[in-house]
Amino acid sequence: MNKILFFAHLRDEAGEESVMLEASGKTVAELKAFVAENYGIHKLDTAMAAINEEFAPNEEMIKEGDVIAFIPPVSGG
Amino acid sequence: MNKILFFAHLRDEAGEESVMLEASGKTVAELKAFVAENYGIHKLDTAMAAINEEFAPNEEMIKEGDVIAFIPPVSGG
Amino acid sequence: MNYEISKVAIDIQAVIDKVVQREAGAITTFIGTVRELTEGKKTLFLIYEAYESMAVKKLQQIGDEIKERWNGAEVAITHRVGRLDITDVAVVIAVSTPHRADAYEANRYAIERIKEIVPIWKKEHWEDGQKWIGNQLETVSYPSGKPEGDDLNE
Amino acid sequence: MNYEISKVAIDIQAVIDKVVQREAGAITTFIGTVRELTEGKKTLFLIYEAYESMAVKKLQQIGDEIKERWNGAEVAITHRVGRLDITDVAVVIAVSTPHRADAYEANRYAIERIKEIVPIWKKEHWEDGQKWIGNQLETVSYPSGKPEGDDLNE
């Protein structure tokens with residue numbers, strides 16, 4: 001299983017901070033498409049993904065146990 | 001009369017922090033020459049003068065009561 | 001730890017103390033504060049949220065980048081999360097270097113990088129609404145689908 | 001008072017507090033500290049001396065120059081005098097502005113101007129001697145017999 005984290009407006013849209021999904025074997029892009037469809041999240045295409053707290057490109061393959069976070073454009077500072 | 005102030009290495013050379021002199025009617029350049037000669041100060045040519053706490057050019061005329069300071073190149077900060 | 005996310009008001013002096021070194025002649029700090037007006041619109045307060053564990057790693061990465069580019073630099077960064085009112089301190093960056101030009105440049109580099117790669121978001125609250133702010137660089141968000149090349153895992 | 005000469009250790013937070021404003025999104029500070037090594041030579045301690053009344057006026061002048069050049073800036077500067085040991089704080093410059101680029105630039109301007117026009121001198125003490133330092137810009141001292149044109153009484 002994989003833990004999927006949502007932040008900022010993505011969390012507001014998803015209605016929860018995190019969900020558990022079976023994502024291993026999917027690419028980041030495939031997971032994005034799946035989550036967008038199943039959780040009604042609209043702006044996921046402008047979000048980055050992080051796998052285990054490091055930015056990961058769309059083509060990266062997700063492994064069992066990986067923690068995936070969707071990172072909207074940041075606005076700290 | 002005029003109060004003349006020395007700072008940093010000029011004070012070390014003069015051996016005192018200030019002296020009282022009759023300088024009114026002299027230009028800054030004339031006072032520099034007088035002080036250099038009478039107080040054995042060597043590097044007065046690289047010092048700026050201030051009259052009443054504002055930088056003053058060599059040709060400025062000193063008036064009765066003016067406070068003159070010799071300002072070696074500064075090294076604050 | 002030199003890189004922190006804080007849920008309480010940041011002690012500026014404590015951040016500065018982390019970068020004091022005998023070899024340094026200069027310490028610069030950047031203190032980001034909550035401004036009342038942005039483009040004529042009045043902010044009431046902000047909420048900052050962080051992906052905390054990753055944010056700390058990314059702050060550390062920025063510090064490492066600085067030490068690689070500016071010889072002899074020491075860096076400390078604390079970013080606040082939670083509710084912040086006008087004039088409250090959102091972030092403190094302290095950089096010490098042997099010479100002053102480097103301290104200014106390295107510090108500026110840190111704040112620009114924070115706005116690029118550190119997973120922290122702010123929600124602005126105005127009189128007439130609220131909104132998660134997209135990105136402060138006001139560029140298109142990750143046009144290539146990811147941060148620029150050297151943003152990745154350095 | 002935003003411009004001070006201090007005979008005791010500078011309270012950095014107190015200098016920062018003077019420039020906090022609702023219109024500011026950024027505060028930068030420059031903290032000049034006593035460095036142990038300069039060009040390979042080991043400093044034991046420093047003595048700073050000021051022509052205090054004039055130094056305060058010149059710090060104020062620098063603040064006024066900054067406010068004229070950078071819109072909405074607030075400035076506070078405190079310079080220490082007396083004996084300072086390695087890592088002690090010699091000067092604190094705080095500048096707040098609405099936007100961050102200005103806060104860095106205006107702060108940098110302040111330290112460069114201090115090194116040009118503020119009547120403060122330091123005496124370095126090494127293991128093998130001591131010396132009043134001529135000028136830190138390492139240029140010929142006042143080659144024209146006076147500071148550059150706009151240094152006068154502005």
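A note on names: the letters A, B, ... follow the listed sequences, proteins ahead of strands, and every chain is numbered from 1. Just the heavy atoms: all of them, side chains too, but no hydrogens, waters or symmetry mates, feed the values below.
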When you look at [atom1] of [X], are more than 12 heavy atoms from neighbouring residues, nucleotides or ligands closer to it than 6.0 Å?
| X | atom1 | result |
| --- | --- | --- |
| C:E68 | CD | no |
| C:K18 | NZ | yes |
| A:E22 | CD | yes |
| C:D128 | CG | yes |

| A:V67 versus chain C, the contacting section by heavy-atom distance below 4.5 Å |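 When you check distances to chain C, only side chain atoms of A:V67 fall under 4.5 Å.
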| Which of residues 10-18 of chain A get closer than 4.5 angstrom to chain C, counting heavy atoms alone? |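 When heavy atoms of chain C are the reference, residues 10-18 of chain A contributes A:R11, A:D12 within the under-4.5 Å range.
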| request: Just jot down the salt bridge (Lys or Arg N to Asp or Glu O under 4.0 Å) partners of C:E36, sequence neighbours excluded, or say none. | output: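 Salt bridge (Lys or Arg N to Asp or Glu O under 4.0 Å) check on C:E36 returns D:R22.
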[X] and [Y]: which non-hydrogen atoms are nearest, and at how many Å?
| X | Y | answer |
| --- | --- | --- |
| A:E53 | C:M54 | O-CG, 3.4 Å |
| C:I117 | A:V74 | N-CG2, 4.3 Å |
| A:G77 | C:A90 | O-CB, 4.2 Å |

| remark: Max heavy-atom pairs within cutoff under 4.5 Å with chain A, candidates C:A110, C:S53, C:G32, C:P119, goes to C:S53
| said: For a 4.5 angstrom cut-off between non-hydrogen side-chain atoms, does C:K58 reach A:F55? | reply: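 When only atoms from C-beta onward are counted, A:F55 and C:K58 do touch, with a gap below 4.5 Å.
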| field | Identified side chain to side chain contact (heavy atoms under 4.5 Å, CB included) partner of A:S75 from the options C:E124, C:K115, C:K122, C:K123 | value |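 Result for side chain to side chain contact (heavy atoms under 4.5 Å, CB included) with A:S75: C:K122.
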| field | ring pair (Phe, Tyr, Trp, His ring centres under 6.0 Å) against C:Y51, all qualifying residues, sequence neighbours excluded | value | A:F7
Which donor-acceptor pairs under 3.5 Å do side chains of residues 101-108 of chain C form with protein atoms, sequence neighbours excluded?
from, atom 1, to, atom 2, distance (Å)
C:Y104, OH, D:N107, O, 3.3
C:Y104, OH, D:N107, OD1, 2.6
C:N107, OD1, D:Y104, OH, 2.6
C:N107, ND2, C:T28, O, 3.1
C:N107, ND2, C:T28, OG1, 3.1
C:N107, ND2, C:I93, O, 3.3
C:R108, NE, C:E112, OE2, 3.1
C:R108, NH2, C:E112, OE2, 3.4

| So which part of C:A50 gets closer than 4.5 Å to some heavy atom of chain A, the side chain, the backbone, both or neither? |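 Backbone of C:A50 only, per the 4.5 Å heavy-atom cut-off to chain A.
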| Checking heavy atoms, do the side chain of C:I111, its backbone, both or neither come under 4.5 Å from chain A? |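 Just the side chain, heavy atoms under 4.5 Å.
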